[in-house]
Protein chains: 4
Amino acid sequence: MIAQTPPMGWNSWDCYGAAVTEDIVRANADFMAKNLKQYGWEYVVVDIQWYEPTAKNHYYHNFTELCMDEYSRLMPAVNRFPSAANGAGFAPLAEYVHSLGLKFGIHIMRGIPRQAVHQNTPIKGSTMTARQISAQSSICDWNTDMYGVNCTTEGGQAYYNSLLELYASWGVDFIKVDDICRGYPVAEVEAIANAIKHCGRDIVLSLSPGPARLDMAEHMKQHANMWRITDDFWDRWDLLYNMFERAEKWCIHSGVTKTHGYWPDADMLPIGPINQVYGKENRTKFTKDEQITMLTLWCIMRSPLMIGGDMTGFDDFTMSLLNNPELIEVLQHSHSAHPLFRKKTEAAETCAWMCTYENGDFCIALFNLGETEAEVSAVLPFGTNYSCYDIWNKTEFTVTDGCISQKLPAHGAAMYRVTKL
Amino acid sequence: MIAQTPPMGWNSWDCYGAAVTEDIVRANADFMAKNLKQYGWEYVVVDIQWYEPTAKNHYYHNFTELCMDEYSRLMPAVNRFPSAANGAGFAPLAEYVHSLGLKFGIHIMRGIPRQAVHQNTPIKGSTMTARQISAQSSICDWNTDMYGVNCTTEGGQAYYNSLLELYASWGVDFIKVDDICRGYPVAEVEAIANAIKHCGRDIVLSLSPGPARLDMAEHMKQHANMWRITDDFWDRWDLLYNMFERAEKWCIHSGVTKTHGYWPDADMLPIGPINQVYGKENRTKFTKDEQITMLTLWCIMRSPLMIGGDMTGFDDFTMSLLNNPELIEVLQHSHSAHPLFRKKTEAAETCAWMCTYENGDFCIALFNLGETEAEVSAVLPFGTNYSCYDIWNKTEFTVTDGCISQKLPAHGAAMYRVTKL
Amino acid sequence: MIAQTPPMGWNSWDCYGAAVTEDIVRANADFMAKNLKQYGWEYVVVDIQWYEPTAKNHYYHNFTELCMDEYSRLMPAVNRFPSAANGAGFAPLAEYVHSLGLKFGIHIMRGIPRQAVHQNTPIKGSTMTARQISAQSSICDWNTDMYGVNCTTEGGQAYYNSLLELYASWGVDFIKVDDICRGYPVAEVEAIANAIKHCGRDIVLSLSPGPARLDMAEHMKQHANMWRITDDFWDRWDLLYNMFERAEKWCIHSGVTKTHGYWPDADMLPIGPINQVYGKENRTKFTKDEQITMLTLWCIMRSPLMIGGDMTGFDDFTMSLLNNPELIEVLQHSHSAHPLFRKKTEAAETCAWMCTYENGDFCIALFNLGETEAEVSAVLPFGTNYSCYDIWNKTEFTVTDGCISQKLPAHGAAMYRVTKL
Amino acid sequence: MIAQTPPMGWNSWDCYGAAVTEDIVRANADFMAKNLKQYGWEYVVVDIQWYEPTAKNHYYHNFTELCMDEYSRLMPAVNRFPSAANGAGFAPLAEYVHSLGLKFGIHIMRGIPRQAVHQNTPIKGSTMTARQISAQSSICDWNTDMYGVNCTTEGGQAYYNSLLELYASWGVDFIKVDDICRGYPVAEVEAIANAIKHCGRDIVLSLSPGPARLDMAEHMKQHANMWRITDDFWDRWDLLYNMFERAEKWCIHSGVTKTHGYWPDADMLPIGPINQVYGKENRTKFTKDEQITMLTLWCIMRSPLMIGGDMTGFDDFTMSLLNNPELIEVLQHSHSAHPLFRKKTEAAETCAWMCTYENGDFCIALFNLGETEAEVSAVLPFGTNYSCYDIWNKTEFTVTDGCISQKLPAHGAAMYRVTKL
């Protein structure tokens, strides 16, 4: 089964933008294998523009020349990924990542390169050409690399088949498809899902960027493994605050089918050193309490977890967010998460979430969304006597009034495993 | 705790409209006490216009004279409720219902009688008059009995306090407040909730009619025990079909606080003899499969259950919908209900819901929303081996592939208690 | 022909609100006959709540007792209109106004008195009663006097016929119907228009309050003589400023049919002493330039002119706005008014309007809508040489470049009659 | 003054789509000079894709190679316009048209060729390149030739200056800029207007396609000479019917400034032989009455008149639409057009328009928009006695009741010059 639990891994975007290089990927893969693999972390994902030789940071060079093979398919820039030389593509890097016991992922933009369309290059497995399969006015708002693909043509499906054939041959385990989730071109989503299904390899399909359309939830549940419920998420409280509303809307839409899991995705975790292309001093602007709030929400709602910072620069606090087995257990072995309440008064804004473990125990998360310390309480669904385990502080206590209460700092959170007595 | 589980009872509207009389109420209370009380059914509710002497059916007499006391409070029409003679109000009828081990409820319209306003009658406990507390342009669309109350005035709260004081003195256990849920006048909701809180008696607060505003969910959870998520529900498939979408939106908003339970309300069950004022031959137009679908959805989503038909005319099939202990157990002892999927193809439209029992077992409901027989399947959240108990057919079986499947007739449903092996 | 040119007159609202009395009406009629009649001013209109004995100012007494005849028809309060004693109604006052060579008008609220409905009084000429013809939930937002009338009933038309029969018998020449223009209940508009048509007297029909619905323009042109294009207009620059946009939308909708004229109505002129019920020191807050701007716009767009201030307290400047024959000529003998341009830059906001005289001459109005002095220019449609007459300053000059330009103070206006040389 | 009256001419689109050739242009210019010039017709306009060597009809070849000079400027395809050989561009053809006493126009797409952007070619008069001035995600929905231009860059204005410099050197008198009117990119409109202003030649600026944004009317009046108020207009009654509503909204926005005229444009006249690239048998599907209705509306509202059919194939009826001096006089010497009414009943749908001649005479147009013969009447603004000249039938009569009436066939029109007696 693909993505039976929410995928966990690392993605290069938050720290290196469009400019990540092979040595950075290898260093982070090494770090993950050594320090995080045992907790469930496994995907190492190269984000956008690995085919652009001159990328320097998070900005794109409009209309610049991209590395492309004879079949209109983008290829890694060898100056940035030396092992890709001689047409090897990402196979050597994937092989290395696999050798560490991890999995390898890449980002792609929906569509076919504009340069392929203007040069009218061939499509593998089709007599149609790039120009013929392109969807002329289907373009990305913020990046000039691609035209959309007209997937009602035979050549459109052939093109995506040829991409996935290539990626499967490289050993890719995960693709994050960009410029596809918000507008949601249905035929193109289906063509990609179909190509994955027939490529001969298990590959997780991640759709980006959000906000995803709630009215397409059932379609996403059938065709993708994860989809972004927000626009790009960064280390700003307003974005984290807003995630609670999105999480509430999407919480009923995670789970598994017979073949795959599907998970609304709250986006990457901007923790530790991020924005590294702008100098080594950039670290997340989230407070520690905010980072705890973020991980608590992501885990209880079962969002995929993708580390955004350069792991090689993580400190002990950052590691403590990622190597807590009881936290990861909520992510992997709970179900039916939903908010219990959300209250806003002049004095305080608080909310609580609940989910259920496989054995029927509850997990309760309390959140202080306000700007001052506040007491947050949640009433348990049945009866009065419960034993409570504090997942962040690793302490235990008992309640006899059916209610769990905690003083929390501004922007802070707490999380408990609760067992009926 | 008030309404710790979703209220269960009988309401006079579906069968008698605005024209119910005391003997009918007593006959239904007798029936409930004898045949349904043991399964959890307890409320007997007199619906709209008990203060209107000439009411004949479901239609209202615009601007007609209503029975009212000297404090602008509506009183039972003695020609219809003889025990209310001499100012006794509903006290004798409530006492009778209580003597059967049941609880007694009434319907009221939000506001103050227009006739009180035009006559400018006094308000008990206030020096303000009916005219002074009325909200001049706040009227009901479909009934001319009342003006809204301006609850920012001292007299507005005094008026609602005087109502609840009277109802508590009668022994009322449940009030269904009408013309309040859809528009949701916040101050008026709070004034009523406040009056209940201070009346010295536990009284369930039910808000009607819907569709309730989803953006007011948290306010309702704090101030009411149940609120209508639809406009009036009748025995038509399109209305039942549409309830699935509403249920999906509201499913995360049921539960308990320290003082009360709160339950999104899918409205009364139009089963058995309904519309009795139009002749004795009117029975529900729902098929048996549709009635099973209705009860399955209402119970898994934990909607209050209010019988709409005249119970004294129930046949065995109708009774079988109401006296199934395993079905009532889902209503009373589950949590975290939510849809697993909803799929629509050219061939079929199906969906499945899941909730969880106190002990961690799952309840799975399968629905065929289409017009032809269809196979419906649901994948269980964890692992493959489960024992399954069919709640409607009272049979057991085992699955070993993590998936429960069933052929269902058009508009049909199935429901299972599922235990991990 | 009714209202062949835009009606000109005086209305009691701006100065006396709901509280005008007979002596005030007579004094203003006397003033008009003596000082303004010769310029075209003719209507004397008693505004809202002449049937309310206790009215004191612009505020309404909710649900208060109104003077009403045995047929559910409101009657003048005799304490305020002594000549109405003994059921004479407004006949004596109308007769007096007619004796001065003027015309008499009244305001009515759409609908039937709520007190008639609650008392269920008869309708003249129908077997239906007030309760039966009332439109139960059709009420005014801001006044509690009336319910709407269900004009699809025979009794609904009979009621309006009975009103107009009464008004015609009094000698009413003009009715301003309130609470009807914005929501525009089509059947009720038609019932009133129909009642006027058959009452045996020429009566102008004015609809209030706005903003009127542009999509109903053709219906209004057929059934009414004037309709308000704004909500209540008062002596505030923002309201005058906004009138330009409304005037632009409505300018093509004035004119005549074979039987009547129809005129979009920019509302009363709050000039001179207004709000007199609050003390004698209240005068318009408009500057002189703003008053000139107002009269210029109203006349070029051919809005009805209804004086809002108490005429007996007018000073020379105020009179100069009303007794300028060249200005009134634009109102009465031009056509095809429309804006030439509207320009907004950081430095200035200006616009110009044009209309055409019967003989083909142009009238050009220049407006400075900004906050500082500005030059405003308008290009004439054909050729270069024109003689120009300044309507406000009564001077003449010639232009040879096809363009008329003028420096104008903030909020100021100029107006020219332009003849091709 | 540029475009002092609404431009009149011929455009190649309706008859030849993207595939017009030099010989066709010359033949139509010859025809116009001989047969229509004396009535005011003067522009000969080459429509879209004169730079596309392989264009065959009204369909575009996506991403095909276009003829372009070294400065990113599109050039005529020499195989279609032989006189453009050796870099002469349209200069020889323009010279020929001028030699006939006519004026020459071309169509351009807003923006810079995508092929220029992908090849990163230079911009004349700027150090910036095509790639640098392109607006990456600003593309046309229906044609792949161009990217939008970022006109906030110095190079953006330089590019448009270089275009207009070239066109002025060719002798172009009129440019129809496409893909600019509906979306209305303000900076790009201003850059083009600015380039025209400084190019040293009077050039009419026409903006296409519509519907234009009414909220940008004042901006268009300042920067353009004509702008399309509809999407492409063809020979279908529904499109002609809908034009009346658009005409009503735009009628107040035509006129002149000191430097130029501005005219809302109802689009080309699909008359005579159209769609010639699909075979010689295609002629307009409009009935004769509909063609009369079209010309009547276009002339009274003062829309530019651009003939869409191949003039060399015109029959006598078609010519009669174009060589009626009294009709052209309305177009060129009237003002203040506006609808008098528009009435729709079950039996008929009619409307009337009015405008005014320089000397004060009125022009009245009557329209039968319904499906059966109907009488249409219009009331004249002042008085009763008028002499009427029927512009289409060239007859005269007198009215004495202030009203002009005519029986009209379905979809028919009549038009009168009316003089007060």
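Fair warning: this is a prediction, and the values are worked out from it, not measured in the lab. Throughout, a chain's letter reflects where its sequence line sits, starting with A, and its residues are numbered from 1.
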**Prompt:** Which residues in residues 63-82 of chain C have any heavy atom lying under 4.5 Å from a heavy atom of chain B?
**Reply:**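 So the qualifying residues are C/F63, C/T64.
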
**Message:** Give the interface residues of residues 122-137 of chain C toward chain B, defined by a heavy-atom separation under 4.5 Å.
**Reply:**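 C/R131, C/S134, C/Q136, C/S137, listed by number.
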
**Request:** Quick one: closest heavy-atom pair of B/H118 and C/R114, and the distance?
**Result:**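 Looks like CE1-CB, 3.5 Å.
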
**Message:** To the nearest 0.5 Å, what is the distance between CG on C/N62 and OH on B/Y147?
**Reply:**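 One finds 9.0 Å between CG of C/N62 and OH of B/Y147.
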
**Under 4.5 Å from any heavy atom of chain B - which part of C/N143** = backbone

**Message:** Please check if the number of heavy atoms outside C/N86 that lie under 6.0 Å from its CG is greater than 12.
**Reply:**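 Atom CG in C/N86 is not packed in, count stays at 12 or less.
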
